[in-house]
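See below for the structure under consideration.
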Amino acid sequence: MGMATDAQFHVLAVDDSNIDRKLIEMLLKTSSFQVTAVDSVSKALDFLGFHEDEHNESITPSVSPNDHHQDVDVNLIITDYCMPGMTGYDLLRKIKESESLKDIPVVIMSSDNIPSRINRCLEEGAEEFFLKPVQLSDVNKLKPHLLKCRAKESQPNINNRNGVEERHSSDRTITSYGGLEVV
Amino acid sequence: MELGQMQGRLAEFTKSLYMEGILDAQFLQLQQLQDESNPDFVVEVVSLFFEDSEKLLNDIARALDQQSVDFKRVDAHVHQLKGSSASVGAQRVKNACVAFRNCCEEQNVEGCLRCLQQVKQEHYLVKNKLETLFRLEQQIVAAGGSVPMAEMTF
């Protein structure tokens, strides 16, 4: 269990501004995170292996359980709010509505200080809301969320998952060193 | 000019940029993030900013030049510019953008054109200043010295 907590956390950063992407990448790397940065919500969803039919209303009849596992190990998603196309809020909702992705902590960033926006995001399940420009002190707030998730996952008998469906054999429910196990 | 003098000149110059509000603490943060494995981080971010902002300024000018001005579109561009200038610490550019957004809200073309001029002025100023700053840094490094770690002691 000691070894698992030393492994790098993998953060997926989403921002359409190339300047802000570079900045968040640097902030995260300085804090020893592994970073993948993308410039849109749709690219983020692709990266996460998100499939629309994971939502409750599935339109495909019988689907093999293994089609819906997360393709990559992402421990946290940090996303800008204002983006063309799908916004960070849209991404947050999709993540929280997804059986396989909902346990990934999501952090929202915004250059606008709008309390109703902030509340909406927090209510929808965002862990934190950072005002831009993001500071190193903000990034330092992320580790506790990640360590908490990792600690939860490495306790074998705790079941965080709602619902009856077990898509994986019990072997896969033990966390890999990469971070969160998500079904 | 010998090394100590150059370093002194850089320190004075940098200090003046903060004092005049041309740069704010965000620029300092960029400098502090830079390290041996990313020695050109600040120059890279700043270059990205100027590439981006020049394009945005052109887009804004074009949008204001239309028969029927789409203020939402202008505002969207200004919002972007405000964000990126905040991210690099170009405080006066950012403030000029805030004022600009108010003009967009009022849907006043004349006002917006004036705001655009203001933003362009500040943009031009910070660009020149940063070019000078980087040149001074390069001279120091070329002379075998190191650029002192930035501080805000004033």
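Below, chain A is the first sequence line, B the second, and so on; all start at residue 1.
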Under a single-linkage definition using a 4.5 Å side-chain heavy-atom cutoff for Ile, Leu, Val, Met, Phe, Trp and Tyr, are [X] and [Y] assigned to the same hydrophobic cluster?
X      : Y      : result
B/L130 : B/V141 : yes
B/L56  : B/V98  : no
B/Y124 : B/L57  : no

Next item on the list: Drop me the distance from B/S47's OG to A/K22's NZ, to the nearest 0.5 angstrom.
Entry: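 B/S47 atom OG to A/K22 atom NZ measures 9.0 Å (nearest 0.5 Å).
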Notebook entry, point to check: Roughly how far apart are A/N18 CG and B/S87 OG, rounded to 0.5 Å?
Noted result: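 Here the interatomic distance stands at 10.5 Å.
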Notebook entry, point to check: If we only count heavy atoms from C-beta on, is the A/C82 to B/H79 side-chain gap below 4.5 Å?
Noted result: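 A/C82 reaches B/H79 side chain to side chain.
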Note to self: For a 4.5 angstrom cut-off between non-hydrogen side-chain atoms, does B/Q34 reach A/M26?
What the structure shows: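 No - every pair of side-chain heavy atoms lies 4.5 Å or more apart.
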Would the number of heavy atoms belonging to other residues, nucleotides or ligands and lying under 6.0 Å from [atom1] of [X] be above 12?
X      : atom1 : result
B/E20  : CD    : yes
B/R101 : CZ    : yes
A/K143 : NZ    : yes

Check: Does B/Q29 use its side chain to pair, donor to acceptor, with the backbone of A/L136 at less than 3.5 Å?
Finding: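 Between the backbone of A/L136 and the side chain of B/Q29 there is a qualifying donor-acceptor contact (under 3.5 Å).
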Next item on the list: Sort B/Q80 into side chain, backbone, both or neither according to what part of it lies under 4.5 angstrom from a heavy atom of chain A.
Entry: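 For B/Q80, there is no contact with chain A at all, as no heavy atom is under 4.5 Å.
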Item checked: Residue B/V46 versus chain A: region with a heavy atom under 4.5 Å ->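 For B/V46, there is no contact with chain A at all, as no heavy atom is under 4.5 Å.
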Next item on the list: Find the one option among A/V134, A/D20, A/L23 whose heavy-atom pairs under 4.5 Å with chain B are most numerous.
Entry: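 If we count pairs closer than 4.5 Å to chain B, A/L23 comes out on top.
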Next item on the list: Report the option among B/L30, B/N38, B/D35 that has the most heavy-atom pairs separated by less than 4.5 Å from atoms of chain A.
Entry: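 Looking at each of B/L30, B/N38, B/D35 in turn, B/N38 comes out on top.
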Checklist line | Proximal component of A/K132, with respect to chain B [non-hydrogen, under 4.5 Å] | finding: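 The answer is neither part of A/K132.
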Next item on the list: Spell out the residues in residues 110-118 of chain A that have some non-hydrogen atom less than 4.5 Å away from a non-hydrogen atom of chain B, in order of number; otherwise answer 'none'.
Entry: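 Interface residues of residues 110-118 of chain A: A/S111, A/D112.
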